[in-house]
Number of protein chains: 2
Amino acid sequence: MKDIKPKLIGLFKEGYCTPQIARIAKRMKEPATTIHYNIKRMEEENVIRTYKAVFDYKKINEGFCTFVLINLSPDEYGNPEKIAKELAKYPQIESIDICTGDCEMILKVRAKDQEEYYNLIKNVISRRGVIKIKTLTSLKQIKTEFVETE
Amino acid sequence: MKDIKPKLIGLFKEGYCTPQIARIAKRMKEPATTIHYNIKRMEEENVIRTYKAVFDYKKINEGFCTFVLINLSPDEYGNPEKIAKELAKYPQIESIDICTGDCEMILKVRAKDQEEYYNLIKNVISRRGVIKIKTLTSLKQIKTEFVETE
DNA sequence: AGATAAATTGCATAATATTCAATTATTTAT
DNA sequence: ATAAATAATTGAATATTATGCAATTTATCT
């Protein structure tokens, strides 16, 4: 048996999906060509970045979700983006934002469990320039990526 | 001229997309029927919740992004989900999580600008049961919904 | 090991996206 | 205000792609 599921999940996290033009056309009561034209324009203008899947993360072994508030040392204030872009490579990190307020950076992280998260903190997130980390653990997700999770 | 764009954005936020089976099959060097079978199974098992678009939010008038840390009054600790589910109706709210740590609930919000966000705080997020709100404003988004942004 | 269920696959067909050319609407320049 | 140019809409034809089905292989259970 081939282990297709993990590969599919990988591809679907960032793309490999496409709009359902016929269904949209029916729903909006417009010709499919009109819908097609408008969508292609939005793609060309980069209004739409990608089409992707949203998962039940518990079911794909990413049930442990946290928000990580990060403080940087003053020497790093100049280019927080350098650190951010390195972190972006890690597939457990759903989002990265440079912030104002109590912290300079906020991550949303999805790991298998507390242990995997701990390793991520130890090996990836803790690094020169990061002087403080505060974790808020999600106990229950009501909505994610604009999708209500029942 | 028809105003198709906003309607498309609404549909694409939560669905109206579908996997590109042929492209995945080519990429993974497997027969399309095999890919099809595996995807359908993941859909039936609700491993995949939906297929959707990811936007350049600045370009769709949702450039003002914040994380909102919410404290609830002790009387509401019993069912934070009630409030959460009411908030979930609002399309500006990308995610809602019930948390441990410094707050009981954390939202990710995308509004047009500070003014629209202010109105959301006043009219929607502030309500009986919410005793404290702290906003962290995103200055720059490096990654969102698992997708690196530019 | 044999029986049962699950997964993989090729082929045929149905559904869908895409191209193209023509028409209509909108914007720009004079 | 009008003409010219550009952008958006559309239907019909075609090219791609998903899907259903039956056969085969692989895995699971007793």
Side-chain angles (χ1 to χ4, degrees), chain A residues 1-63 91 112 145-147 149-150, chain B residues 1-63 91 112 145-147 149-150:
Chain A
M1 191 168 61
K2 304 172 181 182
D3 208 11
I4 286 175
K5 228 168 111 175
K7 286 182 201 168
L8 284 177
I9 291 168
L11 295 179
F12 279 155
K13 264 201 187 175
E14 300 190 16
Y16 286 89
C17 299
T18 191
Q20 291 181 292
I21 293 174
R23 189 150 82 93
I24 294 167
K26 223 169 274 177
R27 165 73 182 264
M28 290 177 54
K29 289 171 184 161
E30 299 284 353
T33 12
T34 304
I35 301 300
H36 182 265
Y37 174 84
N38 277 275
I39 290 176
K40 289 306 150 192
R41 211 165 52 85
M42 288 171 81
E43 290 175 5
E44 279 158 26
E45 293 168 352
N46 270 300
V47 172
I48 295 171
R49 302 206 66 82
T50 194
Y51 305 96
K52 56 157 285 182
V54 176
F55 299 96
D56 182 331
Y57 293 97
K58 288 188 298 291
K59 290 182 179 159
I60 62 167
N61 271 324
E62 299 187 23
K112 181 174 180 255
E145 296 158 86
F146 293 107
V147 179
T149 57
E150 169 42 3
Chain B
M1 191 167 62
K2 305 171 177 182
D3 207 10
I4 285 175
K5 228 168 112 175
K7 287 181 200 169
L8 284 177
I9 291 168
L11 296 179
F12 279 155
K13 264 201 186 176
E14 300 190 18
Y16 286 88
C17 299
T18 191
Q20 291 182 292
I21 293 174
R23 189 151 81 96
I24 295 166
K26 221 169 276 176
R27 165 73 184 264
M28 290 177 54
K29 289 172 184 160
E30 299 284 352
T33 13
T34 304
I35 301 300
H36 182 263
Y37 174 84
N38 277 274
I39 290 176
K40 288 307 148 190
R41 210 163 54 82
M42 288 170 82
E43 290 175 4
E44 280 158 25
E45 293 168 352
N46 270 300
V47 172
I48 294 171
R49 302 206 66 82
T50 195
Y51 305 96
K52 56 157 285 182
V54 176
F55 298 97
D56 184 330
Y57 292 99
K58 289 188 296 292
K59 290 183 180 158
I60 61 168
N61 270 322
E62 300 186 23
K112 181 175 181 254
E145 298 158 85
F146 293 106
V147 179
T149 56
E150 177 47 8

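Naming convention: chains lettered A, B, ... in sequence-line order (proteins, then strands); numbering from 1 in each chain.
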Are any of [X]'s side-chain N or O atoms less than 4.0 Å away from OP1 or OP2 of [N]?
X       : N      : value
A:Lys40 : C:dT18 : yes
B:Lys2  : D:dT10 : yes
B:Arg23 : D:dT17 : no
B:Thr34 : C:dT9  : yes
A:His36 : C:dT18 : yes
A:Asn38 : D:dA8  : no

When the distance from [atom1] of [X] to [atom2] of [N] is rounded to whole Å, what number comes out?
X       : N      : atom1 : atom2 : value
A:Lys5  : C:dA6  : NZ    : P     : 15 Å
B:Glu30 : D:dA18 : CD    : C1'   : 18 Å
A:Arg41 : D:dT6  : CZ    : C1'   : 13 Å
B:Ile35 : D:dT19 : CD1   : P     : 13 Å
B:Asp3  : C:dA25 : CG    : P     : 17 Å
B:Gln20 : C:dA17 : CD    : P     : 11 Å
B:Tyr37 : D:dT25 : OH    : C1'   : 13 Å
A:Ile24 : C:dA17 : CD1   : C1'   : 12 Å

Is there a side-chain contact between A:Ile35 and B:Leu8, using heavy atoms and a 4.5 Å cut-off?
->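 Heavy-atom side-chain distance check passes, below 4.5 Å.
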Which sits closer to the 5' end of DNA chain C, B:Thr33 or A:Pro19, going by the nucleotide each is nearest to?
->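 It is B:Thr33, whose closest nucleotide lies nearer the 5' terminus.
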Specify the residue among A:Ile4 and A:Ala32 whose closest nucleotide of DNA chain C lies further upstream toward the 5′ end.
->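 Closest to the 5' end, via its nearest nucleotide, is A:Ile4.
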When A:Tyr51 is tested against each of A:Gln20, A:Glu43, A:Glu14 for side-chain hydrogen bond (donor to acceptor under 3.5 Å, both in side chains), which residue passes?
->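 Exactly one pass, corresponding to A:Glu43.
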Should A:Arg49 and B:Glu145 count as an ion pair when the cut-off is N to O under 4.0 Å?
->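 No salt bridge links A:Arg49 with B:Glu145.
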Is a salt bridge present between B:Lys7 and A:Glu30, judged by a nitrogen-to-oxygen distance below 4.0 Å?
->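 The answer is no: the pair does not qualify as a salt bridge.
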Among [options], which nucleotide sits nearest the side chain of [X]?
X       : options               : result
A:Met1  : C:dA7, C:dT19, D:dA18 : C:dA7
A:Ile21 : C:dT18, C:dT9, D:dT19 : C:dT18
B:Ala22 : D:dA18, C:dC11, D:dT9 : D:dA18

Would one find more than 12 heavy atoms of other residues, nucleotides or ligands at under 6.0 Å from atom NZ of B:Lys59?
->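 Buried by this count: over 12 neighbours within 6.0 Å.
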